[in-house]
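Residue numbering restarts at 1 for every chain, and letters A, B, ... go by the order of the sequence lines.
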Protein chains: 2
Amino acid sequence: MRHRLKDVAERAGVSVKTVSNVVNGYPHVRPDTRAKVEEAIAALEYRPNLSARNLRRGRTGIIALAVPEIGLPYFAELARHVVDAAAEHDWTVLIDQTNGSAEQERMVALGIRDHLIDGIIFSPLALTAADLATGSERAPMVLLGERVHHGPADHVAIDNVAAARDMTAHLIALGRRRIAAIGAQHTAEGVTARLRLAGYTAALTAAGLPVDETLIVPASAWHRTDGAAGMRALLATGTRPDAVFCFNDTLALGALRALHEAGLRVPDDVAVAGFDGIEDGRFSVPTLTTIAPDKERLAQVAVELLAARLADPDGAPPQERLVDYELRRGESA
Amino acid sequence: MRHRLKDVAERAGVSVKTVSNVVNGYPHVRPDTRAKVEEAIAALEYRPNLSARNLRRGRTGIIALAVPEIGLPYFAELARHVVDAAAEHDWTVLIDQTNGSAEQERMVALGIRDHLIDGIIFSPLALTAADLATGSERAPMVLLGERVHHGPADHVAIDNVAAARDMTAHLIALGRRRIAAIGAQHTAEGVTARLRLAGYTAALTAAGLPVDETLIVPASAWHRTDGAAGMRALLATGTRPDAVFCFNDTLALGALRALHEAGLRVPDDVAVAGFDGIEDGRFSVPTLTTIAPDKERLAQVAVELLAARLADPDGAPPQERLVDYELRRGESA
DNA sequence: AACGTTGAATACAACGTTGTAAAGAGCTGG
DNA sequence: CCAGCTCTTTACAACGTTGTATTCAACGTT
């Protein structure tokens with residue numbers, strides 16, 4: 001049987017509360033008492049029962065990170081940084097996979113698991129502000145990545161429109177004129193896609209270039225395979241673009257693959273740009289030109305916001321924070 | 001304020017226990033009573049306090065998955081499958097990052113966080129069987145990936161030696177004779193590395209080929225950057241190999257990159273093989289020939305073993321289970 | 001009509017912890 | 001030597017849930 005405070009107390013010859021005081025670092029404990037208690041703790045290998053502690057304290061020390069898919073490099077890298085940032089607060093991170101389904105995201109937003117978590121960092125794919133309308137009492141939430149306009153929760157993101165505009169402008173500056181985009185989503189859900197598309201068209205328009213609908217390729221998901229399929233579709237039309245802006249890096253890696261199979265050279269024949277700054281892009285052949293958000297900072301800010309909200313639930317009105325990004329040049333564009 | 005069983009009970013005009021019975025699906029509840037209670041639950045948006053439930057039941061419904069780094073594709077993909085498999089048991093997965101440090105792994109093994117988790121699936125990098133010696137009472141543990149010889153816990157893995165032998169034999173069958181290996185680790189910790197190296201040398205010996213120490217390149221970590229560095233080091237010696245067996249896929253991707261930078265063609269000049277079957281390898285240029293363990297099955301078996309151990313802690317003696325792998329041919333070898 | 005049997009609902013205690021309030025111990029200064 | 005401190009330790013209750021034992025009602029059987 002596992003040991004409890006009571007067992008430690010009996011062995012040390014003190015009260016249960018004194019042991020609790022030692023465990024929690026309460027200052028007014030005589031050194032010799034403390035020593036006795038610590039001896040007993042060590043001898044019995046006592047470890048607090050967190051369920052009981054949580055029940056009593058009303059906090060669990062666990063925060064959730066909800067992402068579409070933990071297997072995707074971007075989210076995996078993000079998760080790593082969130083785990084690191086949360087460790088600073090002695091928080092444990094529980095990872096929730098929503099698979100990008102509105103259904104599962106709604107469950108997360110509704111706090112199906114609240115009472116188990118103190119707060120949640122949520123990277124929604126499909127949900128809109130309306131879905132997020134806070135019910136009466138819910139664990140504090142920080143939204144990542146999307147600009148859910150004036151949603152009811154704190155929010156951290158990069159400026160997707162500006163970043164997409166920058167990247168497109170970069171391609172234009174390289175002398176490219178027929179610039180395709182892969183990853184458009186015309187559904188209500190594709191918030192990110194819409195923002196990046198907006199930046200793309202803005203840059204084209206600013207440069208006096210036409211927005212050619214046939215160069216805008218939709219992708220329901222943003223996996224490598226979708227990027228490859230999109231690129232193949234584009235090439236199949238016969239009108240070859242001289243550059244492709246993919247709305248994330250995995251799409252871009254898929255596109256690189258399809259271009260390679262088609263016998264086209266990157267960037268000579270077609271320049272390729274991505275978005276997300278994942279590690280893979282630094283080692284692909286060719287290396288990827290991409291928008292690299294400061295993921296570490298993103299995670300830090302998210303955790304900070306959550307901490308503030310936890311300390312004072314009704315403190316400030318919902319915050320909107322922007323995090324820097326960098327246009328990282330690789331060989332692909 | 002959040003609602004409790006008591007609030008629901010008052011609203012429905014029944015006892016607290018009756019509400020609890022409804023919540024838990026206890027069969028002997030009259031339909032009209034059940035209806036009243038369910039109405040109250042819905043109206044108050046009642047959700048059970050899991051801390052209290054856990055305290056009472058002695059279970060938390062949470063299992064931990066401890067991996068070196070969640071940002072690495074292999075572990076990210078594995079995590080995805082574990083989360084899916086755990087969902088079948090209504091378990092939530094908490095991901096622990098050990099960063100491959102023996103220190104942090106020991107903490108996990110010692111169950112620093114037990115009492116919060118019902119069990120743990122552990123993919124150790126640095127720990128040996130000795131470190132894992134179970135203390136008196138600890139959450140059930142399933143080991144992943146390494147053959148910690150007759151450790152005290154259940155264990156799932158693929159046959160690393162056989163897989164490495166197969167891959168090396170494959171390279172030999174392609175007509176390669178100077179086959180390098182990247183990823184060797186001569187420290188006590190590198191169990192996996194040692195097994196894969198054993199398979200490699202076994203295949204060479206079986207084919208009557210010499211084991212050339214200068215072709216065996218160590219790598220302290222197995223990231224892309226280490227693979228690139230290893231490959232460069234290999235090329236710098238002046239004696240070019242005609243094939244490279246990298247002990248995991250990220251090393252291989254790094255090696256591909258370094259070969260590309262050196263102006264060498266893959267597989268014409270140098271064949272490259274990896275290990276792990278990560279998604280990236282299907283889209284790299286060239287695509288990667290690799291050992292692809294059945295990760296989904298691996299996760300399923302691990303979860304099953306944990307479930308069995310949880311149901312009956314002292315049931316069977318520690319199990320050793322092997323999971324199939326596949327030599328997946330890509331363009332690189 | 002008394003009986004056991006089954007079904008439905010309840011009261012109570014317990015899970016292990018910590019906050020509160022209060023008691024005990026040891027000290028200082030008058 | 002006692003009043004009035006401060007420091008240390010304690011008893012008790014409470015967090016919200018569920019298992020056990022119990023009560024109460026309704027039913028069919030003899």
Side-chain angles (χ1 to χ4, degrees), chain A residues 1-41 44-62 90 111 113-118 137 139, chain B residues 1-41 44-62 90 111 113-118 137 139:
Chain A
M1 188 47 198
R2 235 163 221 165
H3 298 292
R4 305 154 302 170
L5 279 185
K6 191 164 168 243
D7 305 315
V8 177
E10 277 167 12
R11 185 177 221 270
V14 299
S15 79
V16 170
K17 190 64 217 290
T18 297
V19 180
S20 170
N21 286 340
V22 170
V23 170
N24 291 286
Y26 178 75
H28 301 302
V29 179
R30 276 216 316 272
D32 57 325
T33 311
R34 181 183 302 276
K36 272 191 307 186
V37 171
E38 279 170 348
E39 183 278 331
I41 288 178
L44 299 180
E45 296 192 321
Y46 167 77
R47 260 184 279 286
N49 179 317
L50 297 185
S51 289
R53 174 179 285 176
N54 294 340
L55 172 59
R56 184 59 239 236
R57 298 218 252 226
R59 285 272 175 94
T60 65
I62 304 181
D90 284 325
R113 276 215 248 279
D114 59 3
H115 267 313
L116 181 61
I117 58 175
D118 293 339
E137 288 289 334
Chain B
M1 188 46 200
R2 233 162 222 168
H3 299 291
R4 306 154 303 171
L5 278 184
K6 189 161 170 249
D7 304 313
V8 177
E10 275 166 15
R11 185 177 221 272
V14 299
S15 77
V16 170
K17 189 64 217 289
T18 298
V19 180
S20 170
N21 286 340
V22 170
V23 170
N24 291 287
Y26 179 75
H28 301 302
V29 180
R30 276 214 316 272
D32 58 324
T33 311
R34 180 183 303 275
K36 273 191 305 187
V37 171
E38 279 169 349
E39 183 278 331
I41 288 178
L44 299 179
E45 295 192 319
Y46 168 77
R47 261 184 278 287
N49 180 317
L50 297 184
S51 290
R53 175 180 282 177
N54 294 340
L55 172 58
R56 185 58 239 235
R57 298 218 253 230
R59 284 275 174 93
T60 65
I62 304 181
D90 285 322
R113 276 216 247 281
D114 61 4
H115 268 312
L116 180 61
I117 58 175
D118 293 339
E137 288 289 332

Could you state the [atom1]-[atom2] distance from [X] to [N], rounded to the nearest angstrom?
X        : N       : atom1 : atom2 : value
Leu50(B) : dT17(D) : CG    : P     : 9 Å
Arg4(B)  : dA14(D) : CZ    : C1'   : 11 Å
Leu5(B)  : dC12(C) : CG    : P     : 17 Å
His3(A)  : dG16(C) : NE2   : P     : 12 Å

Could you write nucleotides 6-13 of chain D as a row of B, S and -, 5' to 3', where a protein heavy atom under 4.0 Å of any base atom gives B, of only sugar-phosphate atoms gives S, and otherwise -? --SBBB-B
If the condition is side chain to side chain donor-acceptor pair (under 3.5 Å), which residues does Arg30(A) pass it with, not counting sequence neighbours?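 Partners of Arg30(A) by the side chain to side chain donor-acceptor pair (under 3.5 Å) criterion, ordered by chain and then number, come out as Asp32(A).
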Got a sec, which residues hit side chain to side chain donor-acceptor pair (under 3.5 Å) with Asp118(B), two or more places apart in sequence or on another chain?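 With sequence neighbours excluded, Asp118(B) shows a side chain to side chain donor-acceptor pair (under 3.5 Å) to Thr60(B), given in chain and number order.
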Under 4.0 angstrom between Asn49(B) side-chain N/O and dC15(D) OP1 or OP2: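 Asn49(B) to dC15(D) OP1/OP2: no side-chain N or O under 4.0 Å.
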For dT18(C), does either OP1 or OP2 sit under 4.0 Å from a side-chain N or O belonging to Ser20(A)?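 Yes, within the criterion.
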Does any pair with a residue in residues 17-36 of chain A pass ring pair (Phe, Tyr, Trp, His ring centres under 6.0 Å), and if so which ones, sequence neighbours excluded?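 Counting only pairs at least two positions apart or across chains, the ring pair (Phe, Tyr, Trp, His ring centres under 6.0 Å) contacts touching residues 17-36 of chain A are Tyr26(A)-His28(A).
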Straight-line distance of Lys36(A) NZ to Thr18(A) OG1, nearest 0.5 Å: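 Going from the NZ atom of Lys36(A) to the OG1 atom of Thr18(A) covers 9.0 Å.
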Going by side chain to side chain contact (heavy atoms under 4.5 Å, CB included), name the residues that satisfy it together with [X], two or more places apart in sequence or in a different chain.
X        : value
Glu10(A) : Lys6(A)
Arg11(B) : Glu39(B), Ala40(B), Ala43(B), Leu44(B)
Asn49(A) : Ser51(A), Ala52(A), Leu55(B), His115(B)

For the helix from dA1(C)-dT30(D) to dG30(C)-dC1(D), what angle separates the axis at the start from the axis at the finish, each from five pairs, in steps of 10°?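 What I find for the helix from dA1(C)-dT30(D) to dG30(C)-dC1(D) is an axis angle of 50°.
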Write out all pairs satisfying salt bridge (charged side-chain N to carboxylate O under 4.0 Å, His left out) with one or both partners inside residues 17-26 of chain A, taking only residues at least two apart or from two chains.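 Sorted result for residues 17-26 of chain A: empty, none.
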